[in-house]
Amino acid sequence: MSILIYMIPIALILGLIGLGAFIWSLKSGQYDDLDGAAQRILLDDDDDKL
Amino acid sequence: MAHNSIDNGAPLTAYEALVKLNADGQNTLDVLISGVHCALCIQKIESTLKEQDHVTAVRLNFSTGRLNIIWHGDIALANIFVQKVEQLGYGVMPYHSDGEKNSYEKESKFLLLCMGVAGFAMGNLMLLSVGLWATDSETMGFATRELMHWVSALIAIPTILFSGRPFFRSAWQVLRIKQTNMDVPISLALILATGMSIFETLDHGEHVYFDSAVMLMFFLLVGRTLDLRARRNARSAATDLMQSLSGFANVIEGANIRRVLIRDLKQGMDIRVAAGEKIPVDGIIKEGQSTIDTSLITGETLARETQLGAQVFAGTINQAAPLTISVSKAAENSLLADIVRLMERAEQGQAQYVRLADKAAQLYTPAVHSLAALSFLLWFFVWGAPWQDALLISVTVLIITCPCALGLAVPVVQVLATGQLMKRGILVKSGDALERLAHINTVFFDKTGTLTRGKPQLIGTYEQSTLQHGASLAAQSHHPLSQALRAAYQGDDLLSLDNTKEHAGKGMEGQYQGMHLRLGSRAWCGDQEQHSTPYKHASELWLNINDKPECCFYFFDQEKPDAQEAIATLKRDSLKVALLSGDLKDIVTDTAISLDIEQFYGEQTPKDKHDILESYKQKGNRILMVGDGLNDAPVLAAADISMAPGSAVDMAQNAADIVFMGELLSPVSDAYYTACKTQKLVKQNFALAIAYNCIAVPLAFAGLVTPMIAAIAMSGSSLLVIANSYRLKLRS
């Protein structure tokens, strides 16, 4: 069972990374315009292809 | 109605006043864009602006219609950007960050954050719980179990404190004013479950329920977030009404014209209103002559002629010619602002309506709390159980009485009923609308556009060639009477006229094969001598050929085909019916008599209508208002429940609880029947939920049920209630 000493912290750290990513996305306004995001997926990029 | 349509070429210098500096020292401008419907609109606006020099970023928020432009250099570029967007065909208005919208954004972000944190904690707790629930402590080892309990506590406690705040806050707010809502038992269950788990962890016990508490909280938060988003769609009609006047006005200062924000207009200023523009304030006409669309105040579709010195009101539309208006009241004191205030007050009043489910919760939750407390006290003090067991039984009582069946009793039936009505073209906007509809005893109707078609129609018979001449001229005009005349002519062989010209407030003229044709008012081209008319209250349009009055066309706004039947049906259900209209008293009286309505009121301003409604309400009547005009909006908002036809103006549709499609009035009685049926099923559901509690609570109280079985029983009762609700579908 000593493997738990490693596994539990690893699980927690992975979870915290996910939580951090979520909070970052929330703070940077990615949930402000969900309808717009659904529409924007239909747009082509006007930038030149590489 | 673009701002740059002013013919005198006033410099567009106003938007620079709204430019702000952002943290990077760049200019940033927020404006509201109207008319954005699809991805292409986003692309058109954003790519056009990005091509402009100096622009660093453009972002259009599709949900709120807010466009943010960031650039460096000259702030006066703001006006050019706005002009570019207007040239693409979109409406631009200054964006005022009003408190309400911001508080929605804050609340939404707060709930999402709480939900995210709860979701993270739930995932990790489940990871540990799978281990804990899958084996017993002998297999796993005592120390391992302890470790897992401690790690669980470490994750759960901060999470409950952080993400439980929406519930704790709401519960605390109602407890402080000595009331209770659903958040009180939720908060209590969260605190009790966590508290007991902490104690068990310290005491090396096995009743640790951190996972259940966090999971419960996560699912409740998901529901809350969805609920907030759904409610957001039912936007405040009052805010919309004010938004319609949040532009600029052209103030005359000597020889110059300056653009000023409407809210900054002061009494005594002179403003210029171009043809087609909305009049921004109450004032008096100082120069010019025009026709004005007063539908905001009277609900009438036909424009009224105005003369020098006449009083005009904010929100009405100047149709024919430019006017100079002397401002008599500042924007915040205008009649329109009064209407907005009436509506705001009405909307707040609506929020105070106590739904059946909340009433039940007010009775139910104190009963549940005292039962749970009583079970703990009895088991611990009287029957001498160890306090952990007593607390466990008490929590079981809380779980088994969890008001889920009670909570489902109303919404499930409502969702099914609104779905059914939707298929018949009746859109129910708020959840409790049907509940309120079932309780009405009086129906108020607006006249124009609600009981009548809202558009004048040609009445009488005319010679084919006369009709052809008239329709050919009428086809060139947008005036409602002209359009009615054009629509009445069946043939598609319209004459091609030369030199057609529209004279504002008078009529149309044109040439055909040497004939000089005129179509317009009696004063301009009609027979001045003839005063008798075959139709009472009909509008007239004269056809004049070579300066000789040829024929008079008569128009009348006719009743909807099933108006009589619809009113009779409502009366048969012993509902009182009344008519409120901004139209002339004579016309209202005629309509009321022909439809057999005893109570009727003509020439009512929006405020008058509102006052009548209040006096009825004070006598204890519960009122359904059916109306379609801007002038009905305050009454729609203030009535116990309101309906608007799909042809109504946006503002009226926003203010109404129910919107129905089509030309007919039968949806009014349809909706009423469905509402009554729905209410019956809701009451049955309550009876079922109460019966379930009568059986389950004594069992839990006796300690015969574990928390697990309590949870299953609770789900069972919920299923029963849902099954009963589906009978609504079977019946029709």
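Proteins get letters first, then strands, A, B, ... in listed order; numbering begins at 1 in each. Every heavy atom of this structure was used, including side-chain atoms; hydrogens, water molecules and symmetry mates were not.
Proximity to chain B (any heavy atom under 4.5 Å) is shown, for Leu12(A), by both the backbone and the side chain. With a 4.5 angstrom heavy-atom cutoff, Leu127(B) touches chain A only via side-chain atoms. Both the backbone and the side chain of Leu26(A) have a heavy atom closer than 4.5 Å to some heavy atom of chain B. With a threshold of 4.5 angstrom between heavy atoms, Asn61(B) approaches chain A through its backbone and through its side chain. Both the backbone and the side chain of Leu60(B) come within contact range of chain A, each with at least one heavy atom under 4.5 Å from a heavy atom of that chain. When heavy atoms are compared at a cutoff of 4.5 Å, Ile41(A) does not approach chain B at all.
Each of Val151(B), Asn124(B), Leu40(B) has some count of heavy-atom pairs under 4.5 Å with chain A, and the biggest count is that of Asn124(B). By number of non-hydrogen pairs under 4.5 angstrom with chain A, the leading residue of Cys41(B), Gly123(B), Ala143(B), Gly116(B) is Gly116(B).
Heavy-atom minimum distance, Leu113(B) versus Phe22(A): CA-CE2, 4.2 Å. Counting all heavy atoms, side chain and backbone alike, Arg59(B) lies closest to Arg40(A) at NH2-NE, 3.5 Å.
Applying the 6.0 Å contact sphere to CE of Met7(A) captures no more than 12 heavy atoms from other residues, nucleotides or ligands.
In this structure, the separation between CD1 on Ile8(A) and CE on Met148(B) is 5.0 Å, given to the nearest 0.5 Å.
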